[in-house]
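Heads up: the structure comes next, in structure tokens.
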Amino acid sequence: MKIGRVLISTEDIDRRLAEMGAEITEDYRGKDLLLVAVLKGAFMVMADLSRQIDLPLDIDFMAVSSYGAATQTSGVVRILKDLDAEIAGRHVLIVEDIVDSGLTLEYLRKNLEVREPASLEVAALLVKTGIQQVPVACRYVGFEIPPDFVIGYGLDLVGKYRNLPYVAVMEDEGF
Ligand code: PRP
């Protein structure tokens with residue numbers, strides 16, 4: 001596998017996150033907003049999106065691990081790190097880098113909803129089209145992308161490439 005064509009450039013990511021941040025700023029004005037990023041992939045979106053939101057918000061992180069094949073989610077999720085604080089009565093916005101099968105998000109929604117937040121929404125930079133195994137309700141979506149294997153901007157291939165400042169497609173090198 002090698003890094004293939006750039007699917008979404010740094011400039012496009014910056015521009016879209018600024019738009020999403022402005023929208024979130026309007027929607028949550030006057031509310032107690034808590035951004036919850038899902039490690040590890042969402043660390044970069046969290047850093048850049050939060051800086052585009054002009055509100056006195058809080059941030060927290062969860063780490064989850066899905067059982068199953070390395071490049072595919074099984075839907076069985078284990079919490080490696082839970083939130084530091086309770087979320088009852090707070091407006092929670094989950095920040096994700098990518099929604100693929102949608103199973104991780106479905107698990108997280110159910111897990112967080114029972115903690116009775118005032119509201120629970122999702123902001124995802126990337127949503128793969130046509131392959132969600134469960135309906136995904138993302139209030140804020142950066143880009144809809146085809147179901148290719150993508151890396152960069154938080155997304156990894158066996159742990160590597162997360163630091164690329166753009167999203168690229170992985171390609172087979174061929175023989
Ligand atoms: C990625 C991504 C989402 C999940 C989406 O995380 O950050 O959390 O997969 O896939 P799904 O919609 O099919 O459930 P991953 O499990 O690769 O962990 P990572 O963020 O630590 O790389």
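Remember, it's 1-based here, ligands and their atoms both numbered in the order they're listed.
A salt bridge links Arg16 to Glu19: one of the charged nitrogens lies within less than 4.0 Å of a carboxylate oxygen.
Taking 4.0 Å as the cut-off, Ala42 does not count as a neighbour of ligand 1 on heavy-atom distance. Heavy-atom distances between Arg162 and ligand 1 reach below 4.0 Å in at least one pair.
Residue Ser101 has at least one heavy-atom neighbour below 4.0 Å for each of these atoms of ligand 1: 11 (P), 12 (O), 13 (O), 14 (O). Using a 4.0 Å cut-off to heavy atoms of Gly102, the atoms of ligand 1 that qualify are 11 (P), 12 (O), 13 (O). For ligand 1, the atoms lying closer than 4.0 Å to a non-hydrogen atom of Ile98 are 2 (C), 3 (C), 5 (C). Less than 4.0 angstrom separates some heavy atom of Leu39 from each of these atoms of ligand 1: 20 (O), 21 (O). The ligand atoms of ligand 1 that sit less than 4.0 angstrom from a heavy atom of Glu96 are 2 (C), 3 (C), 7 (O), 8 (O). Those atoms of ligand 1 that come under 4.0 Å of a heavy atom in Leu103, given as number and element, are 12 (O), 14 (O).
Side-chain N/O atoms of Asp27 and Tyr140 include a donor and acceptor closer than 3.5 Å.
Interatomic distance, CE of Met170 versus CG of Leu155, reported as 12.0 Å (0.5 Å rounding). Once rounded to the nearest 0.5 Å, the distance linking CG of Asp97 with CE of Met46 reads 12.0 Å.
Contact annotation for Leu155 and ligand 1: no heavy atom of the residue comes within less than 4.0 Å of the ligand. Of the heavy atoms in Asp97, only side-chain atoms (C-beta onward) come closer than 4.0 Å to ligand 1.
On a distance-only criterion, Leu105 and ligand 1 share no N/O pair closer than 3.5 Å. Geometrically, ligand 1 and Val99 share no nitrogen or oxygen pair separated by less than 3.5 Å.
Under a hydrophobic-cluster definition in which Ile, Leu, Val, Met, Phe, Trp and Tyr are linked whenever side-chain heavy atoms come within less than 4.5 Å, directly or via other members, Leu112 and Leu93 are assigned to different clusters. The hydrophobic cluster containing Val158 also contains Ile3, counting ILVMFWY residues as joined when their side-chain heavy atoms lie under 4.5 angstrom apart, directly or transitively.
Looking at residues two or more places apart in sequence or on another chain, you find a salt bridge (charged side-chain N to carboxylate O under 4.0 Å, His left out) between Asp12 and Arg15.
Of the possible polar contacts, one joining the Thr10 side chain to the Pro165 backbone as a donor-acceptor pair under 3.5 Å is found.
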